[in-house]
Number of protein chains: 2
Amino acid sequence: MTAPISPHQQHSNQQLASLFDDCHCRRLVSNELLSYPQDMDDCVFYLRRGRLRVYLCYGDKLFTLTILQAGDVYSTHTRAFIEALEPSEVNVMDLNNFSQRALAHPLLTGAVTRVLSQTLSGCIDTIENLAFRDVRARLASYLLAQVSQPAEQPLINMQLTTEQTAQLIGTSRQTLSSLLSELQRQGLVQKLSRQQWRLCDCSQLSQMAAL
Amino acid sequence: MTAPISPHQQHSNQQLASLFDDCHCRRLVSNELLSYPQDMDDCVFYLRRGRLRVYLCYGDKLFTLTILQAGDVYSTHTRAFIEALEPSEVNVMDLNNFSQRALAHPLLTGAVTRVLSQTLSGCIDTIENLAFRDVRARLASYLLAQVSQPAEQPLINMQLTTEQTAQLIGTSRQTLSSLLSELQRQGLVQKLSRQQWRLCDCSQLSQMAAL
DNA sequence: GGCCTTTTGTCAGCGGGCTGACAGACATCA
DNA sequence: TGATGTCTGTCAGCCCGCTGACAAAAGGCC
């Protein structure tokens, strides 16, 4: 029932990845755009290395749909910007090209479908979050979703700045900052450094995330 | 740049529809559920007659993703409830079955992809609306999207109750109601009956929708 | 070490939108 | 025709979260 924000996509994408072996590998530096809404040639790509941020823009506001990790497959045909958060490498393939290849390998016909489904599922998570839950709940969700190794008091890596995190959970930098302070005062989390935080009371965080 | 709420899906779905000709036709009465989140068998279906509402639930809150019209093709594998707003008829096909048929007709391989893309696009519209725009802008958008025949002062059919409309644009019944009153006082819209409204100043409504 | 930029914490003020409550309008049916 | 249930309009009260402003802290770079 929990709907973690931007769950890292399950990658049973091993087979998919092989499809990209022989195609153009593009390198991106930090903050470089891979694609933008007006960009009309739809592509499917495989993120070989680095981290990409997929976001919507509206005036001077920005909302991040998801953060892609190495190993993820995604398509550019959503009405979003895709930007490198750090130096990255992607294998890009034109959508038509991709479809034809997939036809040749019938087992892979479902590949595009799978990517789309994952994306869709992520979007619905996002809608649930925005429509039903307040910032506090979304933050708790996010913190719990960052846990990579389960533990009594797990450590997490905050790889984004406060501003970027705010854009991901749909709030302002200030609100997020004061909320994090509050959580520290309550002893639910502990800041070890800018990047490293400890979650001191996961059960209470879960409860906070639940509603 | 406008992102109308729940745009009625373009149906170049004529070919698609023919795929469903020979399969089970299910009749639904008003308020009957076609599927719900726990329902595990994924289906693709064609709405032959009637109107369906696709919505998310969370506690006692409800958010409508889209309203399906006769002629639309959709799939149940989203984490949503699908309910008949009025007596309806759907042709339902198991997803595996559907995929196999699509394989046999290579031209239709993209059918599932297209449906998923449309759905995804609608979800992103919704996210934009929730993340960036206030209730006033969403309402203006919605009103403009209801116009079927362009005119200086077009008439629109509000086929939903205030409550249902509120759930569609993501607000409360009360807020929507008072907002509609305000628009009337400003002379932007005119209520002819519960169902029929006239949009008196589309350009100003567009402006209101823009930001 | 010192300078400059980016990031973070904090506060006051305000407003959008939710809630609960109630009355009026409308529909349906006996 | 009246009785009952549903839908709609409206108001007061409240709180979440946004904005703008400023200071403190942390990082880069020479």
Side-chain angles (χ1 to χ4, degrees), chain A residues 29-31 53 58-64 85-86 129-143 157-186 189-197 208-209 211, chain B residues 30-31 53 58-64 85-86 129-143 157-186 188-197 208-209 211:
Chain A
V29 299
S30 283
N31 301 321
R53 175 163 76 144
Y58 196 87
D60 60 347
K61 292 187 178 180
L62 193 157
F63 182 81
T64 300
L85 282 175
E86 57 190 56
N129 274 317
L130 293 178
F132 297 135
R133 314 164 83 207
D134 62 11
V135 176
R136 187 176 254 89
R138 301 204 291 267
L139 171 57
S141 246
Y142 175 73
L143 291 174
N157 264 334
M158 301 282 262
Q159 297 178 303
L160 303 173
T161 66
T162 309
E163 177 107 49
Q164 290 171 330
T165 308
Q167 291 162 344
L168 185 59
I169 68 178
T171 186
S172 67
R173 179 189 68 77
Q174 294 94 318
T175 300
L176 175 54
S177 175
S178 45
L179 229 40
L180 281 172
S181 301
E182 188 185 318
L183 289 185
Q184 282 182 275
R185 259 178 272 120
Q186 296 174 336
V189 304
Q190 191 180 354
K191 180 180 184 173
L192 306 177
S193 76
R194 278 209 173 169
Q195 304 265 334
Q196 273 228 320
W197 293 63
M208 182 176 290
L211 197 140
Chain B
S30 284
N31 302 319
R53 173 162 77 144
Y58 196 87
D60 59 347
K61 294 187 176 178
L62 194 155
F63 182 81
T64 299
L85 282 176
E86 56 189 57
N129 273 317
L130 293 177
F132 296 136
R133 313 164 83 208
D134 61 13
V135 176
R136 187 176 253 90
R138 302 204 290 266
L139 172 57
S141 246
Y142 175 74
L143 292 174
N157 264 333
M158 301 282 263
Q159 298 178 303
L160 303 174
T161 66
T162 311
E163 176 106 50
Q164 290 171 331
T165 309
Q167 290 161 346
L168 185 59
I169 68 178
T171 184
S172 67
R173 180 189 68 78
Q174 294 94 319
T175 301
L176 174 55
S177 175
S178 46
L179 230 40
L180 281 172
S181 303
E182 188 185 319
L183 289 185
Q184 282 182 275
R185 258 178 272 120
Q186 297 174 336
L188 298 183
V189 303
Q190 190 180 355
K191 179 179 184 172
L192 307 178
S193 75
R194 277 206 173 172
Q195 304 266 332
Q196 273 226 321
W197 293 64
M208 184 177 290
L211 196 140

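Within every chain, numbering begins at 1; the chains are lettered A, B, ... in the order of the sequence lines, protein sequences first and strands thereafter. FYI, side chains are in, hydrogens and waters are out, and symmetry mates aren't considered; it's all heavy atoms of this structure.
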Notebook entry, point to check: To the nearest Å, how far apart are A/Leu160 CG and C/dT6 P?
Noted result: 18 Å
Margin query: For the residue pair B/Gln167 / B/Arg53, report whether a side-chain donor-acceptor contact shorter than 3.5 Å exists.
Written below: yes
Item checked: Atom pair distance, as rounded to whole Å: NZ in A/Lys191 and P in C/dT8 -> 7 Å
Next item on the list: Give the rounded distance in Å between these two atoms: CD1 of B/Ile169 and C1' of C/dG16.
Entry: 14 Å
Check: Is there a donor and acceptor pair, one atom on the side chain of B/Arg136 and one on the base of C/dG17, closer than 3.5 Å?
Finding: no
Notebook entry, point to check: How close or far is atom C1' of C/dT6 from atom CD of A/Gln195, stated in whole angstroms?
Noted result: 14 Å
Checklist line | Euclidean distance, atom CG of residue B/Asp60 to atom C1' of C/dT19 [Å, nearest integer] | finding: 12 Å
Check: A/Gln196 side chain to A/Ser193 main-chain N or O, any donor-acceptor pair under 3.5 Å?
Finding: no
Notebook entry, point to check: Separation of B/Glu163 atom CD from C/dC26 atom P, in whole Å?
Noted result: 19 Å
Item checked: chain A footprint on DNA chain D, 5' to 3' - any atom under 4.0 Å from a heavy atom -> D/dG17 to D/dA26
Next item on the list: Measure the spacing between CG of A/Leu180 and CZ of A/Arg185 and express it to the nearest 0.5 Å.
Entry: 11.0 Å
Notebook entry, point to check: Does B/Thr175 have a side-chain nitrogen or oxygen under 4.0 Å from the phosphate oxygens OP1 or OP2 of C/dC18?
Noted result: yes
Check: When we call it a touch if two heavy atoms are under 4.0 Å apart, what does A/Ser177 touch: a base, just sugar-phosphate, or nothing?
Finding: base
Next item on the list: Could you pull out the closest heavy-atom pair between B/Gln195 and B/Gln159, with the gap in Å?
Entry: OE1-CA, 4.1 Å
Notebook entry, point to check: Taking the nucleotide of DNA chain D with the closest heavy atom to each, which residue, A/Leu179 or A/Arg194, is nearer the 5' end?
Noted result: A/Leu179
Next item on the list: Starting at atom CZ of B/Arg173, determine the distance to atom P of C/dG17, rounded to an integer number of angstrom.
Entry: 17 Å
Next item on the list: Would you name the heavy atoms of A/Leu85 and A/Leu160 that are closest together and state the gap between them?
Entry: CD1-CD2, 3.7 Å
Item checked: Smallest separation among heavy atoms of B/Arg138 and B/Arg133, with atom names -> NH1-O, 2.8 Å
Item checked: Nucleotide of C/dT8, C/dG17, C/dT10 approaching A/Thr162 most closely (side-chain heavy atoms) -> C/dT8
Notebook entry, point to check: Taking CH2 from A/Trp197 and P from C/dT8, how many angstroms apart are they, rounded to a whole number?
Noted result: 10 Å
Checklist line | Presence of B/Ser172 side-chain N/O under 4.0 Å of C/dT19 phosphate oxygens OP1/OP2 | finding: no
Next item on the list: Describe, in one word, how the ring planes of A/Phe132 and B/Phe63 are oriented to each other, choosing from parallel (under 30°), tilted (30 to 60°) and perpendicular (over 60°).
Entry: perpendicular
